[in-house]
Structures are given as structure tokens and as C-alpha cells.
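Counting starts at 1 for both ligands and their atoms, in listed order. Values in this document were obtained by computation on a predicted structure and should not be read as measured data.
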Amino acid sequence: MTDTFEIKVNKVAESRLPSVNFDNMVFGTVYSDHMFVADYTDGEWKDFRVEPYAPLSLLPGSAILHYGQSVFEGLKAYRTAEGDIQVFRPDANAKRLNVSAERMCMPDVPEELFMAGLEKLMEVDKDWVPNKPETSLYIRPFVFAMDEYIGIRPSANYRFIIFTCPVGAYYSEPVRVKIETEYTRACPGGTGFAKAAGNYAGSLYPAKKAQEQGYQQLIWTDAVTHEYVEESGTMNLMFVIDGKLMTASTGDTILDGITRNSVLALAKEWGMEIVEGKIAIKDIIKAAEEGRLQEAFGTGTAATIAQIATIGYEGKDYDLPAVAEREFSNKVLKTLDDIKYGRQEDNHGWIRRM
Ligand code: COI
């Protein structure tokens, strides 16, 4: 694949790898040596290169700094016991990047270019894929506007970058989440389904308020009634009630999560009853009060399967059963990990060896 695109490689003089403590990696704070870069000018992607991970030079009038025309992805590479490198569902990320790009009026990144850039970067930085339990290499592809122009219009020039970070767990323990009924993350017809930078910026203030009240995350509700579950800031949400797996159906306000999709595929194969639709907050709370809410968890690339310990709603906290008792989410986490780390055969076509 990499042969189709001529990718120039300019390696660092000295790797930063020896200075990394792989036993203590706070998510998103350690960056690998290189990044893949491509530029979009005159209507086409060109100048493909792998170069040292380094500061970018932007003029103050750069549109990206003012209007946030930027979309991103998140995926991970895993080291198998044999030392091979496996990336989980990169094709799905490449497709979703373009779904986001279309909504933000940005050009497609051809899937072949996405994959060629990723493969070349993984070849150059393969030693950065950690091998300790529960670690991986987080991969962040993103595209952003490059025009120097402060009028409002879609940029004519863009940059596509992929960089990587060795990471451990995003959440080190089960999270306390608050059901948000005042602020809104996304509204019908908006950009909620896109992995667009601005969606995350707008979520910070309500999340900060929840953090001040002792919660790590929010459960966003629909913009119109605040009565239905949407997603969390960093993950999709799932609940097990009376043995049924329940999750909000994705639409224009919810990210079409790749981990979400993988969990649903496994649940379906295991014959679990799945309810994918509108999930009413009142049903979640009633089930919690009656002891029928067996499991609640988030799904996401960074978060993987993040257990929810407590749900806060209208000033009251609802504690969920101990994580050890949660049959489905423990099983699905183990199965996904076994596939990602090569301990179980991948019969879904999810793994791409690099
Ligand atoms: C991911 O899970 O990859 C995400 O993009 C969530 C995040 C904002 C860290």
C-alpha cells in the first residue's frame, strides 16, 4: 500500500524512546518520535512525508485558530506476545474521518492515503508500540484548515497529520458520571455525529462543573427534552437491564463509535437481546432503584470498556453493582482485548497487521 504513494522519510537524529517510562504513561502526555504529514493544496493531497514530531508553524490569521474547522480520529495499535503489531479496525476510522470531514466542509482523505501514511508511520515508529499489559499505541489522525483568512468560508488548504502516543488506561478506575439535563452537547441537524474539534470544546464547561461536584464524566441527554440518553464526552454508553443490552441508536447527535459497533457485533453473536433505540433516563433510574440495572459502561477507543460505578441524577447518586459481578462487560472487554492483542483469532476482519 505504501508503494502507491511516495512518502519521504526524515528521521529524528536521536530517538526519545529511552527516556520514556512505560510503567507510568498518563494518557496523551507521551508522544512518539515521528508524524505522518500530507498537505491539501490546489484540490489534491500531496507532499507525503514522515518527519519528526515537532511544533507546527501557524500564522495568527490561520482560520483553524478562529473557526475550528478540524476533524480527528482515534485508533490503537497493539503488541502481540509474539512481538507483532496489530491495529484495530483502521478502515472504520478512515471511513469515519471522511464522514466528519464532509459535515465540516473539508476534503476527503482517500482511505488508501490514510492507510499508507499509517503503515509508513508504524514502520518508522514500530518500537513505540508498548508491550506491557493493557498498554497500546494510541493513534491520532486529524485534518485541519490551513488558510490564512479570517473571513468565514471553507479553507482551500488543509493538513492531514497522524501522530501517536504510547498509552495505558484512560480511566484507571470505574467512573462516576452525572446525567446532564441543563447543557447540551449536540442538537438535531448539528455536528454531534462528527468527530469535530468544536464538539469537544463545547463540552468542557459542563464537564468541569460536574467534576467540581465529584463526577468524572457526563451522560449527555437529548437537546430537546433532556429525557433520553445520548453519549458521554469520550465514549458511547451501554446499559444492561434485566439481561438486555441497551444503547442509544446513533443518529445526527451521537458519534457512531467503532468500539460500540464491535461490542454490539459480539453481543449479537452471543445471542444477547439488544435494545438499540431511544433510552429513557427515567427507565435507567427506575431500573437502578429496583436493582435491575446490572451494568453500565462506556465504549470508546481511548476508554475501551469503561465501567460506570455511580450515576448521578437530579442531586441523587445511584451506585451500581460491583464490577466483578458484571458478566457481559467483563466478557466483552476480555474478548476484545484477546482479539486486539492476538490471543484470540480475529474472525471479523477487524485486525490489520502492520
Ligand atoms: C477516542 O476514544 O479515541 C477519542 O477520541 C476520545 C477522546 C476525546 C480521547
Side-chain angles (χ1 to χ4, degrees), residues 25-32 35 68 70-78 86-101 103-104 109 114 118 121 129-130 134-144 160-172 175 177 180 185-186 191-208 210-211 216-220 230-238 247 250 253-264 297-308 329 332-333 336-337 340 350 352:
M25 292 179 297
V26 177
F27 186 95
T29 60
V30 183
Y31 296 86
S32 314
M35 58 186 180
S70 168
V71 296
F72 71 97
E73 273 302 320
L75 62 162
K76 279 178 175 168
Y78 301 83
Q86 308 205 127
V87 181
F88 189 69
R89 306 193 71 176
D91 50 329
N93 292 93
K95 288 188 175 71
R96 193 175 61 183
L97 183 70
N98 289 333
V99 170
S100 302
R103 178 63 181 85
M104 303 309 287
V109 174
F114 180 106
L118 178 59
L121 183 63
V129 183
E134 291 176 43
T135 62
S136 56
L137 189 74
Y138 185 78
I139 301 166
R140 170 55 59 89
F142 66 116
V143 185
F144 60 97
F160 171 46
I161 297 184
I162 310 177
F163 66 78
T164 67
C165 306
V167 296
Y170 192 83
Y171 295 113
S172 51
V175 290
V177 295
E180 177 60 62
R185 190 193 85 94
T191 60
F193 66 94
K195 228 164 157 50
N199 288 340
Y200 294 79
S203 73
L204 297 176
Y205 179 67
K208 177 170 167 272
Q211 278 154 17
Q216 280 99 18
Q217 266 298 337
L218 295 173
I219 290 183
W220 293 104
E230 297 249 302
E231 60 165 268
S232 187
T234 51
M235 47 201 189
N236 294 106
L237 291 163
M238 297 201 176
T247 191
T250 56
T253 60
I254 298 179
L255 185 81
D256 192 4
I258 294 162
T259 308
R260 173 189 182 279
N261 174 288
S262 312
V263 169
L264 289 179
F297 56 96
T299 63
T301 297
T304 62
I305 303 294
Q307 296 290 356
I308 293 175
S329 45
V332 90
L333 173 60
L336 283 173
D337 275 353
K340 292 168 179 174
W350 287 342
R352 192 166 178 127

Enumerate, one pair per line, all nitrogen or oxygen atoms of ligand 1 lying under 3.5 Å from a protein nitrogen or oxygen, stating the separation to 0.1 Å; write 'none' if no such pair exists.
residue: ligand 1; atom: 2 (O); partner: Thr301; partner atom: N; Å: 3.3
residue: ligand 1; atom: 2 (O); partner: Ala302; partner atom: N; Å: 2.8
residue: ligand 1; atom: 3 (O); partner: Tyr138; partner atom: OH; Å: 2.5
residue: ligand 1; atom: 5 (O); partner: Tyr138; partner atom: OH; Å: 3.4
residue: ligand 1; atom: 5 (O); partner: Lys195; partner atom: NZ; Å: 2.8

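The residue from Thr259, Asn236, Thr299, Thr247 that alone fulfils the side chain to side chain contact (heavy atoms under 4.5 Å, CB included) condition with Leu264 is Thr247.
The ring of Phe142 has its center closer than 6.0 angstrom to the ring center of Phe163.
In this structure the side chain of Leu237 never reaches within 4.5 angstrom of the side chain of Arg260, judged on heavy atoms.
A salt bridge is defined here as a Lys NZ or Arg NE, NH1 or NH2 lying under 4.0 Å from an Asp or Glu carboxylate O, and Glu230 with Arg185 fails to meet this definition.
Across all non-hydrogen atoms, the minimal contact from Val109 to Phe160 is CG1-CE2, 3.7 Å.
The side chain to side chain donor-acceptor pair (under 3.5 Å) check on Ser329 picks up Glu295, Gln307, with sequence neighbours excluded.
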